[in-house]
Amino acid sequence: MADQSVIWSTYAFEGKLINVRIDTVELPNGNRREREIVEHPGAVAVVPVLDDGRIALVRQYRPAVGRGMLELPAGTVEPGENATSTAQRELEEETGLRAGSMARLVQFFTSPGWCNEELVLFVATNISHGQRSPEDDEDIDVELVARGDIPRLFREGMVADAKTMVGLSIYLGLSLSPEQGGE
């Protein structure tokens with residue numbers, strides 16, 4: 001597998017959160033193609049585990065899919081901020097919870113075919129109460145979910161976003177095989 005050489009790049013859109021870059025690339029066979037790339041500064045998500053084993057999830061409306069989603073607390077890494085600090089900040093802002101311990105679980109690209117967003121997943125334990133302070137454009141409800149309810153929430157589509165499915169599956173050691181209700 002050979003790399004594709006970027007011949008030319010231009011920006012179709014530059015926004016607050018993302019940029020859309022169009023790269024003209026030369027393929028190994030000499031052909032040229034355009035690639036649309038979404039640039040994102042990176043993000044984090046947190047699996048907040050309370051002392052009794054329940055997991056704190058957030059419910060919020062997602063305009064891109066036109067519905068409310070039950071998700072892990074998450075957010076974008078701000079300039080000059082490291083992923084652990086972002087995870088601590090987002091957990092408290094969205095849920096009002098503070099982590100006494102924040103451990104990196106896994107790091108992955110969310111959709112590398114068209115986006116450079118890299119997401120770092122953390123597990124938060126030794127939870128205490130802090131102060132909720134969601135952004136002024138966020139309408140978030142916190143829901144505490146028992147570990148045993150997670151597979152059902154997956155099957156029923158209540159948890160349907162990749163970061164939450166990946167984070168909970170890895171943390172809980174779940175398999176999403178057809179024998180367990182997948183398709």
Side-chain angles (χ1 to χ4, degrees), residues 17 40-78 81-112 115 117-183:
L17 178 62
H40 187 280
V44 302
V46 182
V47 180
V49 183
L50 290 104
D51 290 341
D52 64 5
R54 290 180 301 165
I55 297 169
L57 299 178
V58 295
R59 183 176 299 280
Q60 58 187 318
Y61 183 79
R62 294 300 196 177
V65 294
R67 65 177 257 205
M69 304 286 288
L70 191 57
E71 307 174 26
L72 293 173
T76 302
V77 176
E78 300 290 339
E81 189 177 46
N82 66 45
T84 304
S85 297
T86 302
Q88 291 278 12
R89 175 179 54 77
E90 289 290 342
L91 177 62
E92 187 166 3
E93 282 179 5
E94 293 188 359
T95 67
L97 301 174
R98 288 187 185 142
S101 176
M102 187 72 73
R104 187 179 293 242
L105 183 62
V106 68
Q107 186 168 340
F108 62 94
F109 291 99
T110 58
S111 192
C115 182
E117 178 186 27
E118 195 165 10
L119 192 129
V120 183
L121 278 161
F122 291 88
V123 174
T125 55
N126 301 319
I127 302 290
S128 63
H129 290 280
Q131 180 65 42
R132 260 185 98 205
S133 58
E135 299 289 326
D136 64 0
D137 64 344
E138 293 178 319
D139 182 18
I140 297 173
D141 293 320
V142 178
E143 295 187 23
L144 303 180
V145 177
R147 296 168 61 111
D149 289 339
I150 301 295
R152 177 184 56 78
L153 294 173
F154 282 10
R155 285 190 307 274
E156 293 175 356
M158 301 300 292
V159 171
D161 77 294
K163 73 180 178 310
T164 302
M165 294 180 87
V166 168
L168 292 174
S169 294
I170 291 173
Y171 175 71
L172 298 173
L174 297 177
S175 168
L176 298 178
S177 67
E179 298 80 41
Q180 294 186 336
E183 292 186 24

Pairs touching residues 122-134 that satisfy salt bridge (Lys or Arg N to Asp or Glu O under 4.0 Å), sequence neighbours left out: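 Salt bridge (Lys or Arg N to Asp or Glu O under 4.0 Å) check on residues 122-134 returns no pairs.
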
Under the side-chain contact (heavy atoms from CB on, under 4.5 Å) test, residues paired with E94 that sit two or more places apart: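 Counting only residues at least two positions away or on another chain, E94 forms a side-chain contact (heavy atoms from CB on, under 4.5 Å) with V58, P73, E90, E138, I140.
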
Listed partners of D51 passing side-chain contact (heavy atoms from CB on, under 4.5 Å), at least two apart: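 side-chain contact (heavy atoms from CB on, under 4.5 Å) check on D51 returns nothing, list empty.
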
Full working for side-chain contact (heavy atoms from CB on, under 4.5 Å) between E143 and R54: CA-CA 10 Å; E143 295 187 23; R54 290 180 301 165; over 6 Å; no

From [X] atom [atom1] to [Y] atom [atom2], the distance as rounded to the nearest 0.5 Å:
X    : Y    : atom1 : atom2 : result
Q131 : E93  : CD    : CD    : 11.5 Å
L50  : L144 : CG    : CG    : 5.5 Å
L105 : I170 : CG    : CD1   : 5.5 Å
L153 : L70  : CG    : CG    : 6.0 Å

Nearest heavy-atom pair of [X] and [Y]: which atoms, and what distance?
X    : Y    : value
T86  : V77  : OG1-CA, 3.6 Å
G157 : A160 : O-CB, 3.8 Å
A83  : V44  : O-CG1, 3.5 Å
V120 : R104 : CG1-NH1, 3.5 Å
T164 : F154 : O-CZ, 4.5 Å
V142 : A56  : CG1-CB, 4.5 Å

Worked check of side-chain contact (heavy atoms from CB on, under 4.5 Å) between D139 and Y61: CA-CA 8 Å; D139 182 18; Y61 183 79; over 6 Å; no

Could you tell me whether the side chain of [Y] reaches within less than 4.5 Å of the side chain of [X], counting heavy atoms only?
X    : Y    : value
L91  : R98  : no
M165 : V159 : yes
L72  : L57  : yes
L97  : H129 : yes

L121 and F108: CA distance, side-chain angles, deciding distance, side-chain contact (heavy atoms from CB on, under 4.5 Å) verdict: CA-CA 8 Å; L121 278 161; F108 62 94; 3.4 Å; yes

Pairs touching residues 117-127 that satisfy side chain to side chain donor-acceptor pair (under 3.5 Å), sequence neighbours left out: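 Qualifying pairs: Q107-E118, T110-E117.
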
Sequence neighbours excluded - side chain to side chain donor-acceptor pair (under 3.5 Å) pairs with any residue from residues 65-74: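 Passing the test, one end in residues 65-74: R62-E71, E71-K163.
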
Salt bridge (charged side-chain N to carboxylate O under 4.0 Å, His left out) partners of R147, counting only residues at least two apart: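 If we apply the salt bridge (charged side-chain N to carboxylate O under 4.0 Å, His left out) test to R147, skipping adjacent residues, there are no hits.
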
